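Only a predicted model underlies this, so the values are computations on that prediction, with no experimental measurement involved.
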Amino acid sequence: MLFRSVVAAAIWYWLQFFNRNTNLLDEGSTAAQAMRVVRGDLIYRDFFTVVTPGSYYTTAWLFQLFGEHLIVLRWAALITGIGILIATLLITRPLASWPFAAGAALLTTVWGWFLCTPNFYSLEAALFGLTGLAVFLHAQASANDRAQRQMLVASGVAIGVTAMVKQNVGTFAAIALLLSIWLTAIFDSTIDARRRLRETVAFIGGICVPVVPTVAWLVAAGAGPYLYESWVYYPLVRYPERFALPFPSFFPLSSSEPFELWTKLVIYMPVVVYPAAAVALFLLARRARWGDAGARHEGRALLTVTLAGMFAFLQAWPRADVTHILFGLQPTFALFAWLLARLVRSPGVNGAIASPQRSTAWRLLPVLATLPLALLLWKGYQRTTWEYQNYVAGLHVERGRGVFAQFVEARRIDTVTQYIVDHSTPDEGLFVVPWASGFNFLADRMNPTRTDFMLFEDPEAYPCLLARLDERPPKYVIYGYTWDVDNKRFRD
């Protein structure tokens, strides 16, 4: 009953906001490149992107099933968001009781108001990564060696899929769980290296199940020469040069942003939970060495979630804006719930609660401990409502129906898209400068170049772009239609 209530609350929340806002940059590039896949293009060989292929082929498959409409991406985001909620709930339950686990899970929804319209790959990667973590925790708790190895293989498969959706998230998740296999030895009387080696082999074998065939297929299909550029060079070299942002400082707070304090409290949550987890791990390891089985089980789960959360947090760099930080905070929410629940379960507090001489306030402490979660949920709901309050104008173009934007923005998108549709044919190209390839999708006009986004401030790409434009000149060019990117505009 509690599980169904939590899922129902999350669905209700998503249904209020999932079709608000438009993002012809990030979401637009996902839709446009999925359209390329539907038309028969091969990722990397025929068009450039900076992440592994999973999300583009997921989106292309959904377009084939349900039609090429932006709202299909929004429904995919909704379902993926509910999956993240369920996975977070399963991850938190070994560490905290139901009210705290439910609060942690709902935080992934309420503080996920950025996640509807950015690139779908971050949301999908989070789902598979958390699924792999949840299965890994289940394997840790299993007393059956054969079942444990099978679950480790399944966890590895999920992490491998994560890597094939977004390479940095999958890589960090794999490192965290491999470290967990070996570092959980601090809770055992013996290391048992042979058993841990078998677990490592099972986990890595699972990772290889989706990764090896995907790489082999891309190489055989002709995309092999482009993999280093897209998977390694651009994300590690070019992206940091052009898009790096420092972690937001806590102060000063903006007077024009009424919820900035709460946003910063959320993104600074790791500053509290990870040192607390480190202290708890030290104490649990000592108790486990003294033969406390409960401390050993809690310590293993806590160490695994802590490692997964720390490495998930790293995926925010080098672009450490609020959006990218929130992408990796799900394990942090689980640890925050554990910390609140652990305060209630500590021996001194338990004794005080049970004592008949103590006041009613002590007996209400378990309820009071959930208040920080409840307050963050309420402020997150208010923040989301405030963010989307003006997104009330529906798009009228065919592929954008069901999506709402601000009135001026909706009119601009409709006007530009309809003009392109009325004055060109589907076989005539459309080139968007510098980065709003959602118009390619909305107008159903292909980009004649390999590059759908990130064109500004990259002179190395210009010769290749000009050669393609000479070879396949577009019927129209949309110039300068972009939002500010780090306070810079292309035409400047």
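- Proximity of the aromatic rings of Y13 and F17 is defined here by a centroid distance below 6.0 angstrom, and this criterion is met.
- Sorted by first and then second residue, the salt bridge (charged side-chain N to carboxylate O under 4.0 Å, His left out) pairs with a member in residues 79-90 form an empty list; sequence neighbours excluded.
- F404 and Y388 have their aromatic ring centers separated by at least 6.0 angstrom.
- With sequence neighbours left out, L314 forms a side-chain contact (heavy atoms from CB on, under 4.5 Å) with F172, F311.
- Classification of R74 and E27 as a salt-bridged pair holds, one side-chain N sitting under 4.0 Å from a carboxylate O.
- In summary, the side chains of T49 and Y56 do present a donor paired with an acceptor at a separation below 3.5 Å, with no hydrogens or angles considered.
- Aromatic ring centres of F247 and W317 lie closer together than 6.0 Å.
- Between Y226 and F47, the ring center distance fails the sub-6.0 Å criterion.
- T214 is listed as a side-chain neighbour of P53, based on a closest heavy-atom distance under 4.5 Å.
- Here CD1 of I86 is found 10.0 Å from OG1 of T108. Values are rounded to the nearest 0.5 Å.
- Judged as a ring-ring contact (aromatic ring centres under 6.0 Å, His included), and not counting sequence neighbours, the contacts of H324 are F327.
- Note: F336 and F100 fail the aromatic proximity criterion, with ring centroids not under 6.0 Å apart.
- Between V37 and W61 there is no side-chain heavy-atom pair separated by less than 4.5 Å.
- With sequence neighbours excluded, the residues forming a ring-ring contact (aromatic ring centres under 6.0 Å, His included) with Y57 are W217, listed by chain and number.
- Taking W75 as the reference, F18 meet the ring-ring contact (aromatic ring centres under 6.0 Å, His included) condition, with sequence neighbours excluded.
- Residue pairs meeting the salt bridge (charged side-chain N to carboxylate O under 4.0 Å, His left out) criterion with at least one partner in residues 40-61, sequence neighbours excluded, are R36-D41.
- The existence of a salt bridge linking R383 and E257 is confirmed by a sub-4.0 Å separation between a basic side-chain nitrogen and an acidic carboxylate oxygen.
- Between the side chains of D321 and T323, not a single donor N or O lies within less than 3.5 Å of an accepting N or O.
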